[in-house]
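Contents: one structure, followed by commentary.
Chain identifiers are assigned alphabetically (A, B, ...) following the order of the sequence lines, protein sequences preceding nucleic acid strands; residue numbering begins at 1 within each chain.
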Amino acid sequence: MPPVIEIKNLKKHYRYGIRGMAVQAVDGISMSVDEGEVFGMLGPNGAGKSTTIKIILGLLRQSSGECLIFGEKLSRDSRRLMGYLPESPYFYKFLSGFELVKFYARLCGMGEKEAKTATMKALNLVGLGDAANRQVGLYSKGMVQRAGIAQAVVHNPRLVILDEPASGLDPIGAADMVDIIARLKREGKTVLLCSHMMSEVEKLCTRAAILNRGKIAAMGMLDEMLAQKDATDMEFETDDAEKLAQIRDFAASRGVSTLKTERAKISLDEFFRKTVEKSK
Amino acid sequence: MNGILLIAQNTFREAIRQKLILLVGLIALLLVFASKYLLKLDLGHEQLRFVFDFGSGALDFFGAIIAIVATCQLFHSELENKTVITLLSKPVGRLGFVFGKFVGTAAVLALFSLIIAAATCLMLFITYLGFGEAAERLSAGLETNYAGVFAYAFMQWLKLCAIAALAAFICSLSRSLLFSVIISFMALSASMMVAASDWLGAKANLGTQIAVIAFPDFQVFRVAEVFAFAPVSAQVMLVGTAYSAIYMATFCLLGAWVFSRREF
Ligand SMILES: Nc1ncnc2c1ncn2[C@@H]1O[C@H](COP(=O)(O)OP(=O)(O)O)[C@@H](O)[C@H]1O
Ligand SMILES: [Mg+2]
């Protein structure tokens, strides 16, 4: 089977101003995303992530290079198999969440009845079931982002492209987002996840690429890229100083030095979420 | 095709929920209703004609405003709110986008024309009733053709659609709402001037020839004015419809072509 996305030596420069000054936004990127994986695209602001995504979607034309979706050039049919959440999305304020998502479902070729069912399912997936009949103009930033995800998955696409899905979300929203994406992955969808928030990517992705100034600075399996040579983390179910000293001594007797011993902690992120949930 | 209709429906819904367009429509409607009371002079048999002129004037003037403002507003709101990015990521196509927006605006204009025509007919009827006993003398053989009023409104709708198509083309080129509106109004004035110079019998040269092709020829639609008090001529209707259809298709296709070269 061909890769879901295959990019070969992609380049894009923008021209601006009357003198046609050029910015090289994407500078020779090659990568491929396989069926069923969550691929992370990381990078600082201005690295060229959104530009690459827009070229994949045909919203921008590349200056050179090639981009294939499901092994073919982008077509109307392949668009039907893709879902896209734009960076800081805006939607029709005059529609309700339900009308909005149904509109996109219909555009993807669903019939009225099928679209209604799919819309309710998508809204429930992202936790907007209760706000379905409220106008999008009254949604909070987090809710708009959720509606954006609903819109991207409502037509049951094979490939979902998410540009900064958790930007502007609180830690609870971001954690929900991670859950939603994990669910998409379990359903066997391919996800291209673009983010500058490392923790999301680390939780979700098997492979990732790090972009900087339009070039790929590193790419590969996350486990392999992050694994430290000659070091192993262990966690013991005790906080007894004496026992820990014995363990350290035992290790030393085997010629293994202990690099660090510290109290196990949960992340601030997790603590915050638990606190808020408890006080509900 | 399905996509065009869905986008058109959504565009129509946006327009209906938008206050500005509603306001212009309301003012036009009030003017038509006020026509009878604005008439201070006793025009006698000219009264019916006066009432009709008021209706057709509202259709002409406010219709042109709505055609331009609605087209530009509905087109640019999509660009400025970036909703176009999500929309074009769906299996829609740039052609579907431009035609969908246009058909949506045309539906708004149809609604407007229909309402003004109905209001005009109502006022004509009320005026006629007001004549009372003297109806014979005051209407002076002028018999209102109510169906003709609607036929005239239909022709005006075709004209407004042609203006909207021109505005849609301008929008596909431009990057700002203000620019689109200003250029569209300039194009509208140019069309009126072309029509006027044509009427005055100015000599044709290359410049006017281009202008005649580029700007809608309002004369084609204006001749329908007589339908209000005379039988409807099928030939005039057919010529108007064909002319408008060709004009709309040409400018929408041009707009779609320009738009397909844009990046987002
Ligand atoms: N429409 C545009 N015109 C000119 N330059 C642009 C445009 N869009 C993006 N750029 C530039 O291209 C570079 C990459 O932008 P982008 O792909 O949005 O980065 P990222 O999504 O990784 O933050 C940036 O330097 C940005 O300023
Ligand atoms: Mg970006």
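More than 12 heavy atoms of other shown residues, nucleotides or ligands fall within 6.0 angstrom of atom CZ in B/Phe264. Applying the 6.0 Å contact sphere to CZ of B/Phe61 captures no more than 12 heavy atoms from other residues, nucleotides or ligands. Residue A/Tyr90 qualifies as open at atom OH: its count of foreign heavy atoms under 6.0 Å is 12 or below. Heavy-atom contacts from other residues, nucleotides or ligands closer than 6.0 Å to NZ of A/Lys73 number 12 or fewer.
Contact of B/Asn2 with chain A is made through the side chain alone, with heavy-atom distances under 4.5 Å. With a threshold of 4.5 angstrom between heavy atoms, A/Pro86 approaches chain B through side-chain atoms but not through N, CA, C or O. Proximity to chain A is absent for every atom of B/Leu5, based on heavy atoms less than 4.5 angstrom apart. Residue contact with chain B, scored on non-hydrogen atoms closer than 4.5 Å, involves the side chain of A/Glu99 exclusively.
No other option in A/Leu57, A/Leu85, A/Leu59 has as many heavy-atom pairs under 4.5 Å with chain B as A/Leu59. Comparing B/Glu263, B/Arg13, B/Arg262, B/Gln9 by heavy-atom pairs within less than 4.5 Å of chain A, the highest count is held by B/Glu263.
Contact annotation: the side chain of A/Phe94 approaches that of B/Asn10 to within less than 4.5 Å [non-hydrogen atoms, C-beta and beyond].
Of all the heavy atoms in B/Arg17 and A/Gln135, the pair that sits closest is NH1-NE2, 4.0 Å.
The stretch residues 78-102 of chain B places B/Glu78, B/Asn81, B/Thr83, B/Ile85, B/Thr86, B/Leu87, B/Leu88, B/Ser89, B/Lys90, B/Pro91, B/Val92, B/Gly93, B/Arg94 near chain A, each with some heavy atom under 4.5 Å from a heavy atom of that chain.
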Show me the donor-acceptor pairs, under 3.5 Å and distance only, between side chains in residues 102-111 of chain A and residues at least two apart or in other chains.
from: A/Lys102; atom 1: NZ; to: A/Glu112; atom 2: OE2; distance (Å): 2.9
from: A/Arg106; atom 1: NE; to: A/Met110; atom 2: O; distance (Å): 3.1
from: A/Arg106; atom 1: NH1; to: A/Glu112; atom 2: OE1; distance (Å): 2.6

Side-chain donor-acceptor contacts of residues 118-125 of chain A below 3.5 Å, not counting sequence neighbours, with atom names and distances?
from: A/Thr119; atom 1: OG1; to: A/Ala115; atom 2: O; distance (Å): 2.6
from: A/Asn124; atom 1: ND2; to: A/Met120; atom 2: O; distance (Å): 3.1

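In terms of the side-chain hydrogen bond (donor to acceptor under 3.5 Å, both in side chains) criterion, B/Gln18 has no residue partners (sequence neighbours excluded).
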